[in-house]
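Have a look at the structure below before the remarks.
Nothing here was measured: the structure is a model prediction, and the numbers come from that model.
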Amino acid sequence: MKNIIGANHPPPMPEVKFITVDPDDAGQRLDNFLMRHLKGVPKTHVYRIIRSGEVRVNKGRAAADTRIAGGDVVRLPPTRISERVAEKAEAMASAPAPAREFPVLLEDEHLLAIDKPAGVAVHGGSGVSFGVIEQLRMARPKAPFLELVHRLDRETSGILLLAKKRSALKNVQDQFRERETGKTYLALVLGHWPANKKVLDKSLHKYLLANGERRVKVVARDDPDGMRSLTLVKVAQHFAGFSLLEVTIKTGRTHQIRVHLASEGFPIAGDDKYGDFEANKALLKQGLKRMFLHAWRLQLSHPASGASVELNAALPNELQSFISTQSDSSSP
C-alpha cells in the first residue's frame, strides 16, 4: 500500500518560459543563446524547435542564425530531457575545460586572433564538452569578456577571431554580415581546377541526417529553403592530381567551401563528409591525416580605430609537408 501511495509521480510538465535578452547578450545567434538556456537539451532538438516555430522572438518566428538584441523577448517552449541526458549534461558542466592558450596572431584590448589547430572545436556542444572558447576562458579567468566572433569547423585550421569587448564583437560581426571583410582559405582539391572557374554562386540548404548530424547540399536558386552562397576561387598552384586553391567566401554558410567545391567535382582532400572516401584512404597512407582546409587570411577594419587589419596564418607543418611531396604540374 505504501508503494502505491508513495509511488513515483512523473515530474511536472515544463512550462513555457519568456526570457528578456540582457544587453550583454545582444548580438548572439539565437541557437547559441538557446543552448545556454536549455542545458542538456540535445542540439538537434534545439534546431527542431526553432524550425517548427515553437521558439519565438518578440512573438515572431526566427531562424537559428538570427542575431538577438537587448530587450528582445524570447519564448522557450516546454522541453523535457531524460534523466540520463540530464545527468550527462550536469557532469559535463561540472567538469571544467582544461586551460589552454593558442598561438596568437594579434591581440589588443579589443580583439584576440589565434591560429586554431585542426581537430579542436571552437566551442562545446554536439558531443564535445569544450572547445577553444571554454579553454581560453579557463586560461584567462580575469578576462571580463571573451566571445567568438565567428566559427571554424573542427577539422579546419587557421585564423579564429575573438572579441574582448561587446562593442568589438558587434562591430566585427556587422562587418561580416555586410560582407566588408575578406576571408580567404587555402584548400587542396582533387583534380585540375580550371583557371577560368572563378565564381561559385550556388544556394545551399542545411538539413539533418537521421543520427542528428548536420549536412549541407546545393539546391536550386529558387528553392525556398536555399540560402544564396558566394565563393570566389583562384588557383594558387597545380600538382599532379591536385590543385591548391585560394578560396574567398563572401557569405559565411555552414560548410560552404566544402560543399561548393565538391559540387563542382573537386572535393577537398581529406574531407570526411563531402569528399572522395576511397581517395581519402589513399591520402591517409601518403601522410594526409586531416582535411586540407586552412583559414589563411582575414582582412577587416579595426573595430576601434577603423584602420585596415590583415591577419595571416601560415599553412600548418602537416599540410606544408604533404604538398612538398607532390610533384608540380603546369599543364592541364
Side-chain angles (χ1 to χ4, degrees), residues 27-29 32 65 67 101-123 131-133 135-136 145-189 198-200 229-236 244-261 268 290-320:
Q28 281 191 47
R29 287 171 52 113
N32 291 339
D65 59 357
R67 300 286 176 177
E101 288 282 0
F102 297 87
V104 173
L105 301 172
L106 174 148
E107 183 169 11
D108 59 23
E109 59 183 310
H110 303 276
L111 297 174
L112 169 63
I114 65 167
D115 190 353
K116 185 189 86 67
V120 181
V122 295
H123 57 68
V132 169
I133 187 65
Q135 291 180 290
L136 280 173
F145 185 90
L146 195 59
E147 292 284 353
L148 292 164
V149 173
H150 62 115
R151 303 179 183 186
L152 289 179
D153 289 344
R154 189 188 310 182
E155 294 309 318
T156 302
S157 55
I159 302 167
L160 181 65
L161 193 61
L162 301 97
K164 296 171 69 175
K165 289 188 176 183
R166 174 66 62 184
S167 58
L169 177 66
K170 184 178 185 306
N171 180 286
V172 180
Q173 286 184 334
D174 285 346
Q175 291 185 51
F176 281 134
R177 196 173 304 115
E178 298 300 322
R179 305 182 188 180
E180 296 171 350
T181 60
K183 288 195 290 184
T184 303
Y185 294 69
L186 292 176
L188 187 73
V189 298
K198 298 179 180 181
V199 180
L200 304 180
S229 306
L230 189 62
T231 302
L232 308 181
V233 182
K234 176 184 176 183
V235 176
L244 182 64
L245 307 178
E246 295 179 14
V247 184
T248 300
I249 53 174
K250 293 299 183 180
T251 51
R253 312 299 183 203
T254 300
H255 299 168
Q256 176 176 328
I257 295 175
R258 301 165 69 174
V259 177
H260 268 180
L261 298 182
I268 295 177
R290 52 159 291 195
M291 177 172 65
F292 201 122
L293 184 60
H294 177 69
W296 171 51
R297 183 172 64 211
L298 176 61
Q299 297 159 311
L300 69 152
S301 297
H302 193 278
S305 67
S308 296
V309 175
E310 179 171 318
L311 302 170
N312 290 276
L315 269 179
N317 290 336
E318 69 271 17
L319 299 186
Q320 188 63 55

Taking the side chain as every heavy atom from C-beta outward, state whether [X] and [Y] have any atom pair closer than 4.5 Å.
| X | Y | result |
| --- | --- | --- |
| Gln28 | Arg67 | no |
| Val309 | Gln299 | no |
| Leu186 | Leu319 | no |
| Val149 | Gln173 | yes |
| Leu105 | Ile114 | no |
| Leu200 | Leu261 | yes |
| His123 | Arg151 | yes |

Original post:
What is the ring orientation for His302 with His110, classed by angle as parallel under 30°, tilted 30 to 60°, or perpendicular over 60°?
Top reply: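 Rings of His302 and His110: perpendicular, over 60°.
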Subject >> Candidate list Leu160, Leu311, Asn312, test side-chain contact (heavy atoms from CB on, under 4.5 Å), partner Leu298, passing option >> reply: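 Single side-chain contact (heavy atoms from CB on, under 4.5 Å) partner of Leu298 among Leu160, Leu311, Asn312: Leu311.
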So, [X] side chain and [Y] main chain: donor-acceptor pair closer than 3.5 Å or not?
| X | Y | result |
| --- | --- | --- |
| Gln256 | Leu230 | yes |
| Arg290 | Leu293 | yes |
| Thr231 | Ile257 | no |
| Lys164 | Asp108 | yes |

Between [atom1] of [X] and [atom2] of [Y], what distance do you get to the nearest 0.5 Å?
| X | Y | atom1 | atom2 | value |
| --- | --- | --- | --- | --- |
| Thr184 | Glu310 | OG1 | CD | 8.5 Å |
| Glu101 | Gln135 | CD | CD | 10.5 Å |
| Leu146 | Leu162 | CG | CG | 5.5 Å |
| Thr181 | Ile249 | OG1 | CD1 | 8.0 Å |
| Arg297 | Ile159 | CZ | CD1 | 9.0 Å |
| Trp296 | Ser157 | CH2 | OG | 13.5 Å |

Original post:
So which heavy atom on Gly158 is nearest to which on His294, and how close?
Top reply: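 For Gly158 versus His294, the nearest heavy atoms are CA-CE1, 3.5 Å.
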**OP:** Scan Arg253, Lys116, Arg258 and name whichever one has a salt bridge (charged side-chain N to carboxylate O under 4.0 Å, His left out) with Asp153.
**Re:**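 With Asp153 as partner, Arg253, Lys116, Arg258 yield a single salt bridge (charged side-chain N to carboxylate O under 4.0 Å, His left out), made by Arg258.
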**OP:** Could you please spell out the steps behind the side chain to side chain contact (heavy atoms under 4.5 Å, CB included) verdict for Val172 and Leu111?
**Re:** CA-CA 10 Å; Val172 180; Leu111 297 174; 4.1 Å; yes
**OP:** Answer with yes or no whether the side chains of Ser301 and Glu180 bring together a donor and an acceptor at under 3.5 Å.
**Re:**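 Judged by distance alone, the side chains do not pair up.
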**OP:** Let me see the working for Phe102 and Leu112 under side chain to side chain contact (heavy atoms under 4.5 Å, CB included), right down to the final yes or no.
**Re:** CA-CA 10 Å; Phe102 297 87; Leu112 169 63; over 6 Å; no
Subject >> Pair His260-Val247, side chain to side chain contact (heavy atoms under 4.5 Å, CB included): steps then yes or no >> reply: CA-CA 11 Å; His260 268 180; Val247 184; over 6 Å; no
**OP:** Step by step, work out the side chain to side chain contact (heavy atoms under 4.5 Å, CB included) result for Leu161 and Leu300.
**Re:** CA-CA 11 Å; Leu161 193 61; Leu300 69 152; 4.0 Å; yes
